[in-house]
Amino acid sequence: MGKIARRMELEACVAELVEPDSVVGLGGLHFHNMPMALVRELIRQEVPVGRLVPSIDGSIDADLLIGAGLVREVQVAYLGLETYGLAPRFRAAAEAGTVRVRDCEEAGFGLALAAGAAGLPFAALPAGFMPADEGLPSVPAVNRDDYREIENPFTGERHMLIQAINPDVALIHCQAIDAHGNCGFFGGSFLDVELAKSARICIVQVEREYEELPSACRRRLPGYAVDAYCVVEGGAHPGSSHGVYRHDDVHLRRYAQLARSDHGFERYRGEMIGVSEAEYAAASRLDDRIEALEAGPVG
Amino acid sequence: MGKIARRMELEACVAELVEPDSVVGLGGLHFHNMPMALVRELIRQEVPVGRLVPSIDGSIDADLLIGAGLVREVQVAYLGLETYGLAPRFRAAAEAGTVRVRDCEEAGFGLALAAGAAGLPFAALPAGFMPADEGLPSVPAVNRDDYREIENPFTGERHMLIQAINPDVALIHCQAIDAHGNCGFFGGSFLDVELAKSARICIVQVEREYEELPSACRRRLPGYAVDAYCVVEGGAHPGSSHGVYRHDDVHLRRYAQLARSDHGFERYRGEMIGVSEAEYAAASRLDDRIEALEAGPVG
Amino acid sequence: MNYSVAELMAVVLSRRLREGDVMVTGTNAGITCSAALVARACGRPRVRTIIGAFGTVDPTVELVPASGADQSFLPGRVVTDLISTLGDQVRGLADVICLGGLQVDRDGRVNLAVVGDYSRPDLRGPGTIGVSLIARLERTFLYFTEHDPRTFVERVDFVGAQGLRPGGRGLEVIVTPMAVLGPVEDGSRIDLVSIHAGFDFEQVQARTGFALDPSRAVVTEPPSEEELAALRGHPYGMSLATMTLG
Amino acid sequence: MNYSVAELMAVVLSRRLREGDVMVTGTNAGITCSAALVARACGRPRVRTIIGAFGTVDPTVELVPASGADQSFLPGRVVTDLISTLGDQVRGLADVICLGGLQVDRDGRVNLAVVGDYSRPDLRGPGTIGVSLIARLERTFLYFTEHDPRTFVERVDFVGAQGLRPGGRGLEVIVTPMAVLGPVEDGSRIDLVSIHAGFDFEQVQARTGFALDPSRAVVTEPPSEEELAALRGHPYGMSLATMTLG
C-alpha cells in the first residue's frame with residue numbers, strides 16, 4: 001500500500017513505531033549518513049532490538065546499540081569503525097557471547113536487501129558460491145538462517161539462495177524531504193532506498209524540509225515508501241551527512257578509544273546520550289562542530 | 001572482464017560482432033530509444049536471429065526483424081506498436097506459426113534481465129505467482145524454457161523461478177558517449193543498462209560523441225560494459241531519441257498501415273531499408289524529419 | 001451539464017481512488033491521469049500517479065502524451081526508474097494498476113496474449129504484460145475505449161492474469177464508453193455496475209459476450225460540478241472534453 | 001632514488017594492473033588509487049578504478065580520503081550506485097578487487113571474521129565482507145599496512161574467501177611494507193615473491209606465520225623514475241611520499 005509520510009517528533013517516532021524486539025535496519029554506510037539521532041533515541045527509550053541489521057557496512061550506530069545491551073542478534077556483512085579500527089562494543093559482546101552474530105557476505109547481503117525491497121522472498125547467489133571445504137567454518141555454513149541450498153532447476157547443479165531481508169523497521173538518514181514525504185540524498189545513498197522499501201515501517205530523520213526537493217539531490221526515495229519522518233539538524237553526527245557536514249574525526253576517534261573498555265563506554269554514554277537530542281547537542285557541542293565540519297556541495 | 005569500447009562503423013558492428021543465430025536483445029521501450037540503425041543493418045546483412053529479446057516492450061524494431069523473416073524465436077513481455085496498434089508482422093508470423101513465441105510476464109522479464117545483468121543464473125518470482133487453474137494456458141505453464149518450480153527451502157512452499165536473460169548481443173541506442181566509452185541517456189533509459197550488462201557483447205549506437213558526458217545525462221552506462229559503438233545521428237528514427245528528437249508519428253502510422261499485408265511490408269522494406277543508412281536517410285527524409293521533430297531538453 | 005464520454009470515464013475511475021492511493025499507469029493515460037486529478041481535487045489530495053516506464057511520481061506534464069514512454073512524462077515530483085518501479089509494485093507499495101486488454105471474462109481473467117488456440121492463435125496480441133503485477137497489486141482498474149463483444153467473453157483463451165481474486169479482491173472496476181462493470185458483492189464474478197446515460201441494458205448486453213444481470217442496470221452517476229471543474233481546471237483534464245475514443 | 005614504503009607498495013600493485021583492468025577499491029584507497037595512476041601513466045591508459053560504495057568510476061578526487069564512503073569520492077567520470085557496482089562485480093565486469101584482512105593463510109584463504117573458535121572467538125573482526133566477490137572476480141590484490149605474524153597464518157580460523165583458486169587464479173598478489181607474497185608457479189600455495197630493499201629473509205620469515213622458501217628471496221624491483229614521476233605528478237600520488245603506515 002502506498003504510504004503517507006507523517007511528520008512526527010523524534011521521540012514519538014521511536015515510542016510509537018519501534019516495537020520492542022523488532023528487526024531494525026540501520027541506513028548509511030560506515031560513518032556516513034547514519035541515523036544517529038534515532039539510534040540515540042532507541043538507547044534513551046531502552047528499546048530492545050531482536051535483530052539489528054546495519055546496512056552492509058555498520059559502524060558506531062550499531063556499536064552503540066550493542067554497547068547499550070539492547071541487541072540480541074546482529075546480521076552483518078561488515079561491522080567496524082573502518083579507519084578507526086574494529087567496533088569495540090560489537091567485538092566485546094561477540095567475544096563474550098552476549099550478542100548472536102549472523103554473518104552474511106557482502107554481495108549476498110546486498111542481494112538479500114534488494115530482494116526484500118522488491119517483494120521477493122529470496123535471491124539467487126552467484127553460481128559457485130558454496131561452503132568452504134575441509135570443514136573450516138565459512139559463510140554459508142555458519143548461517144543456516146539466511147542461506148539454503150537448492151538444486152538449480154534449470155541446470156541440476158547445486159545452488160545457494162539467500163533469504164530476503166525485510167526488517168520490521170528501517171531507520172534512514174537523509175538531507176532533504178518535501179511536503180509529500182519524498183526524500184532526497186545529496187551524496188551517497190548506499191543501500192538506503194533498498195533498506196527503506198524492504199522494511200514494513202520506514203522512519204526517516206532528515207536535516208531539513210523543503211517545499212520541493214532541491215536539484216542537489218542525487219537520489220530520491222518516494223514518499224509512498226515512508227511512514228514517518230522527524231527533522232533533526234545534525235542528526236547524523238558524529239558521522240557525516242553528505243553535502244551538509246563531514247564526519248567528526250575528533251569525536252569518532254574519542255569514541256573508538258573510550259569504547260574499548262566497559263567503563264569508557266559507560267562514560268561516553270553518560271556524557272553524550274542524555275535525555276534528549278538537545279542534551280546530545282550540548283554535550284557534543286553540535287552546533288560548533290557542524291559549522292566547523294561544513295561540507296561543500298557534492299560532486 | 002572490464003571491456004574497452006571500440007569505435008566502429010555501423011556495418012562492421014553487425015558484420016563482426018553479431019553471429020548468425022545469436023540471442024539478440026533490443027534496447028529502448030515502445031518506439032523510444034530503439035536501436036533502429038542496427039536493426040536495419042541486421043536486415044541489410046540478413047543476419048538470422050536465433051532468439052530475439054526486445055526489452056520489455058518491443059515495437060517496430062522487433063516487428064521489422066520478424067517481418068524480414070530473420071527471427072526464429074522471440075521472447076516477449078509485450079510486442080506491439082502501442083498507440084499504433086498491434087505489431088502486424090509479429091502478429092502475422094505468430095498466427096502462421098513461422099516464429100516461435102516465448103511469453104514472459106512483465107515483472108518476470110524485468111527480474112530475469114536484472115538477474116542476467118548482475119551475473120545471477122535465475123531470479124525468484126513474487127510469491128503466489130503460479131500457473132492458472134482449470135488448465136487454461138497461462139504463463140508460466142506455456143513457457144517451460146524460462147519458468148521452473150522449486151520448493152522454497154525457507155518455507156517449504158511451491159515457488160516459481162525465472163531463468164536469467166543473457167543475450168549473446170545487446171543492441172542499445174543512447175544520446176551521448178565520451179572518449180572512454182561511457183554512455184549517457186538524456187531521457188528514459190528503461191532497462192537498457194540492465195540489457196547492456198546482461199549480454200556477452202554490448203553494441204551501442206549513439207547520436208553524438210562528447211569529450212565528457214554532458215550533465216543532461218539522466219543515467220549512465222559505464223564504458224567497461226560496452227564492447228563497440230557506432231555514431232549514427234538519427235539512428236533511433238522513426239522512434240524518438242529522448243532529448244534529441246521525438247518519434248515520427250507520420251512514419252510510424254504509415255508503417256503500421258503498410259505492414260498489415262505482406263506486400264505492404266515488402267514495399268516499406270524496399271523503399272526504406274536500402275543498402276545503407278544513407279539510403280534510409282534519403283528515403284525517410286531523415287534530416288528534415290529530425291529537425292521537425294526536435295525535442296526540447298528533458299525535464 | 002454536458003460532458004464527454006472520456007470525462008465520464010475519468011470521473012468513474014476517480015471515485016474509486018482512495019486517499020493515499022498510488023496508481024500505476026502508462027499508455028493512453030489521459031483518462032487515468034485525469035482520474036487522479038479529480039480525486040485530488042475532491043478530497044483525496046494524496047492520491048499519487050506513477051508512470052511505469054520511468055518511475056515518474058506525479059508527472060508535471062501539461063498534456064498527457066499517448067505513449068507511456070514519451071519523454072514528456074519524465075519531469076515529476078520524483079523520478080526513480082523502471083526497474084525500481086516494478087519492484088515497488090511487487091513489494092506492494094503501489095495500490096492500483098490501470099490496464100487495458102484483449103479479452104476479459106466473467107470470472108475476471110484478463111488476456112492480452114492470444115485469441116484462439118495458444119500454439120496457433122487466431123489473433124496474436126502483444127503479450128502477457130503485467131500479469132504478475134495484477135496478481136500482486138491490491139486493485140486493478142481496466143479501461144477500454146470501445147465496448148466490444150470480442151473483448152468481454154465468457155472465458156478467456158489465455159490467462160494473462162487472474163484479475164479477480166478470492167473475496168472480490170483484485171479487479172475492482174472496468175470502465176468502457178457504455179458502462180461500468182465490476183465484481184458482484186460476493187466477488188464471484190463480473191457483472192454490471194452501471195450503464196452510462198444514453199445507453200440501455202439491451203445495448204450493453206448486445207456488446208458483452210457474457211450474460212449480465214438486468215436488475216443491476218442503474219444509471220452511472222454523472223459527473224458533479226465539482227468533478228467537472230476539477231477536470232477542466234487543468235490542461236490535460238480539459239483535453240478530455242474533446243477526446244475521441246476507440 | 002628515495003621512495004617511501006607506500007610509494008613502493010603502490011608501484012608493486014601498479015605493475016599487476018593490465019590494460020583495460022577495472023579495479024574495485026574503497027577504504028584506505030590512497031595506495032590502490034595511486035597504483036592505477038601509475039599504471040595509466042606507464043602504458044596502460046585504460047586502467048579504471050571503481051569506488052565500491054558509490055559506483056564512482058575514476059574518481060576525480062584531489063586527495064584520496066581514508067574512508068571509502070567519504071563524499072569526496074563522489075565526483076568521477078561516471079557514477080552509478082552501490083547495488084549496480086555489486087552486480088557488475090558478480091557479473092565479471094570488474095577484474096580486480098583490492099582488500100585487506102585479519103588473516104591470510106598459505107593456501108590463500110582470507111579471513112576478516114574471527115580469530116579463534118567461531119562461536120566464541122578470541123577476536124571478533126568486522127565480518128566476511130567481499131567473500132563472494134573475491135570468489136567471482138578474476139584477480140584479488142591484498143594489501144596490508146603492517147606485516148604481522150598474526151595476519152599470515154598457517155591456516156585461517158574462518159574462511160571468508162578462498163582467495164586462491166584452482167590453477168593459481170584469484171589471489172594474485174599480497175603487498176606489505178616488508179615484502180610481496182603471491183601464489184607459486186603451480187598455484188598450489190602462497191609464498192614469497194620478493195622482499196623490499198632494506199629487509200632480509202629472516203626478518204620477513206619472523207613476521208610470517210607460515211614457512212617461506214628462502215630461495216625465492218629476491219629484492220623487490222624499486223620504482224623506476226617513470227613510475228615515481230607518475231606518482232608524484234598528482235596530488236594523491238604525491239601524498240604517498242609522506243604517508244605513515246600501520
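All figures in this text were calculated on a predicted structure; none of them were measured in a lab.
In this structure, chain D has a heavy atom under 4.5 Å from the side chain of A:L86, while its backbone stays farther away. Contacts of A:L81 with chain D are absent, with no heavy-atom separation under 4.5 Å from either backbone or side chain. Contact annotation for D:V79: only side-chain heavy atoms (C-beta onward) come within less than 4.5 Å of a heavy atom of chain A. For D:F158, the parts lying under 4.5 angstrom from a heavy atom of chain A are both the backbone and the side chain. Heavy-atom distances place no part of A:F109 under 4.5 Å from chain D, backbone and side chain included. Heavy atoms closer than 4.5 Å to chain D are found in both the backbone and the side chain of A:A127. Heavy atoms closer than 4.5 Å to chain D are found in the side chain of A:R246, but not in its backbone. When heavy atoms are compared at a cutoff of 4.5 Å, D:L74 approaches chain A by way of both its backbone and its side chain. With a 4.5 angstrom heavy-atom cutoff, A:P297 touches chain D only via backbone atoms. Heavy-atom distances place the side chain of A:A114, and not its backbone, under 4.5 Å from chain D.
Note: A:S138 leads A:S240, A:S138, A:G296, A:A87 in heavy-atom pairs under 4.5 Å with chain D. Looking only at heavy-atom pairs under 4.5 Å with chain D, the residue among A:G188, A:G128, A:A141, A:G80 that has the most is A:G188. Between chain A and the options D:V156, D:D122, D:N28, heavy-atom pairs under 4.5 Å are most frequent for D:D122. Looking only at heavy-atom pairs under 4.5 Å with chain D, the residue among A:R218, A:R100, A:E194 that has the most is A:R218. Ranked by heavy-atom pairs under 4.5 Å with chain D, the first of A:G58, A:A92, A:G243 is A:G243.
Interatomic distance, D:L99 CG to A:E106 CD, rounded to the nearest 0.5 Å: 8.0 Å. Here CG of A:D57 is found 7.0 Å from OG1 of D:T27. Values are rounded to the nearest 0.5 Å. Note that OG of D:S67 and NE2 of A:H32 are 2.5 Å apart. Values are rounded to the nearest 0.5 Å. How far CD of A:E95 is from CG of D:L123: 5.5 Å, rounded to the nearest 0.5 Å.
Closest approach of A:A94 to D:P121, counting heavy atoms only: O-CD, 3.8 Å. Closest approach of D:P126 to A:F90, counting heavy atoms only: O-CE2, 4.4 Å.
Residue pairs meeting the side-chain hydrogen bond (donor to acceptor under 3.5 Å, both in side chains) criterion with at least one partner in residues 93-106 of chain D, sequence neighbours excluded, are D:Q103-D:N111, D:Q103-D:D157, D:D105-D:R109.
Between the side chain of D:R120 and the main chain of A:A96, a donor-acceptor pair closer than 3.5 Å is present. Distance alone, capped at 3.5 Å, places no donor-acceptor pair between the D:Q71 side chain and the A:V244 backbone.
Among the candidates A:L191, A:L111, A:I56, the single residue satisfying the side chain to side chain contact (heavy atoms under 4.5 Å, CB included) test with D:I83 is A:L191.
With contacts defined as side-chain heavy-atom distances shorter than 4.5 Å, the pair A:H30/D:D70 does not qualify. Contact annotation: the side chain of A:H242 approaches that of D:F54 to within less than 4.5 Å [non-hydrogen atoms, C-beta and beyond]. Side-chain contact between D:L82 and A:L29: present, with at least one pair of heavy atoms (C-beta onward) separated by less than 4.5 Å.
Under 4.0 Å is where a charged nitrogen must lie from a carboxylate oxygen, and between D:R124 and A:D103 at least one such pair does.
Atom CD of A:E291 sits in a sparse spot, with 12 or fewer heavy atoms from other residues, nucleotides or ligands closer than 6.0 Å.
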